[in-house]
Structures are given as structure tokens and as C-alpha cells.
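See structure below.
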Amino acid sequence: VQFVESGGGLVQPGGSLRLSCAASGFTFSNYAMSWYRQAPGKERELVAGITRAGDSTNYSGSVKGRFTISRDNAKKLVYLQMNSLKPEDTAIYYCYCGWGSWGQGTQVTVSS
């Protein structure tokens, strides 16, 4: 199992970023996928999840209405569109299928 996250960076408050995650080593379409994040000094937390077919999503209360998770099963990709970013969104973001090793994540920094 391998996850390669990308798309992070430095953005001003109110800005947007789109994260991507390339998955390999398992049958991607058979698994729900999730995005997690870990801020400095804090526990890793679940941000968003999407079902195998992409027909249902769920979000943490802190990002609901601002973030959108989606997936492309043909390309084995999962995305996280992040809008109206806040400084408290600063963290390393990871995608995960629920088993196997975590990827290295992608750093998102929201700062003016």
C-alpha cells in the first residue's frame, strides 16, 4: 500500500488549495478513502471521508462547508478541495484507506 500526497503549500487566509493523493498497491475502488491532518503538537484527526463509489461523503465540523472530498477510481486518485482556508487549517494532510502504512503527507500552511 502506498499513498503519495501533493498539492500543499503556503496560502493566505481565505485562499484555496486542492490536494491530490495517488494510491497504489491495493484495489482502490474497493475501499472508502479519507483525508486526515495533523497540526504541530496535536493528534492526527479525520477531516473528510468518501465511500468506495464516491456517492457519499462526510466531514468534520471544523471543515464542513469549506472542504470537498472527491475521487477518481479509474486514476486511483482522491482529492481534497479546500476553500476559505483559515490559519487553524495549517497541518500536514494525509490520505488513507484504513490499513497499511501512511504516506509522507503534504504540508498546508495558512498564513498572511
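Keep in mind the model is a prediction, meaning the values are calculated, not measured. Count residues from 1 along the sequence.
Between S60 and S62, the side chains place a donor N or O and an acceptor N or O closer than 3.5 Å (distance only, hydrogens not considered).
Proximity of R44 to Y96: side-chain heavy atoms (C-beta onward) are nowhere separated by under 4.5 Å. Side chains of C21 and Y93 form no contact here, defined as non-hydrogen atoms less than 4.5 Å apart. Between T90 and S111, the closest side-chain pair of non-hydrogen atoms is not below 4.5 Å.
The backbone N or O of F28 sits nowhere less than 3.5 Å from a side-chain atom of N73 that would complete a donor-acceptor pair. Checked by atom type and distance alone, the side chain of T57 never pairs as donor or acceptor with a backbone atom of I50 at under 3.5 Å.
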Practice item. Before giving the answer on side chain to side chain contact (heavy atoms under 4.5 Å, CB included), spell out for R66 and M82 the whole-Å C-alpha distance, their side-chain angles and the decisive distance to 0.1 Å. Key: CA-CA 6 Å; R66 301 188 296 121; M82 306 186 297; over 6 Å; no
**Study point:** Chi angles and distances behind the side chain to side chain contact (heavy atoms under 4.5 Å, CB included) call for L10, Q107
**Key:** CA-CA 8 Å; L10 173 63; Q107 175 71 50; over 6 Å; no
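Atom CZ of R52 has 12 or fewer heavy atoms from other residues, nucleotides or ligands within 6.0 Å. Summarising the local packing, CD of Q104 is surrounded by 12 or fewer heavy atoms from other residues, nucleotides or ligands at distances under 6.0 Å.
Shown here for P13 and S112, the closest heavy-atom pair between the two residues is CD-N, 3.7 Å. Nearest approach of C95 to V78, heavy atoms of both residues: CB-CG1, 4.0 Å. Nearest heavy atoms, M33 versus C97: SD-CB, 3.5 Å.
No close placement of the W35 and F67 rings is indicated, their centers lying 6.0 Å or farther apart.
Distance check: K76 NZ to Q2 CD gives 12.0 Å after rounding to the nearest 0.5 Å. Atom OH of residue Y36 and atom CD of residue E43 lie 13.0 Å apart, to the nearest 0.5 angstrom. Rounding to the nearest 0.5 Å gives a distance of 9.0 Å between CD1 of I92 and OG1 of T109.
Residues in residues 5-33 take part in these side-chain hydrogen bond (donor to acceptor under 3.5 Å, both in side chains) pairs, two or more places apart or across chains: S16-N83.
Listed by chain and number, the hydrophobic cluster partners of L77 are Y79, where partners are ILVMFWY side chains within reach of under 4.5 Å, directly or through others.
In the hydrophobic cluster analysis, where Ile, Leu, Val, Met, Phe, Trp and Tyr join through side-chain heavy atoms closer than 4.5 angstrom, L80 is grouped together with W102. Both I69 and L46 are assigned to one and the same hydrophobic cluster, defined by single-linkage of ILVMFWY side chains at heavy-atom distances under 4.5 Å.
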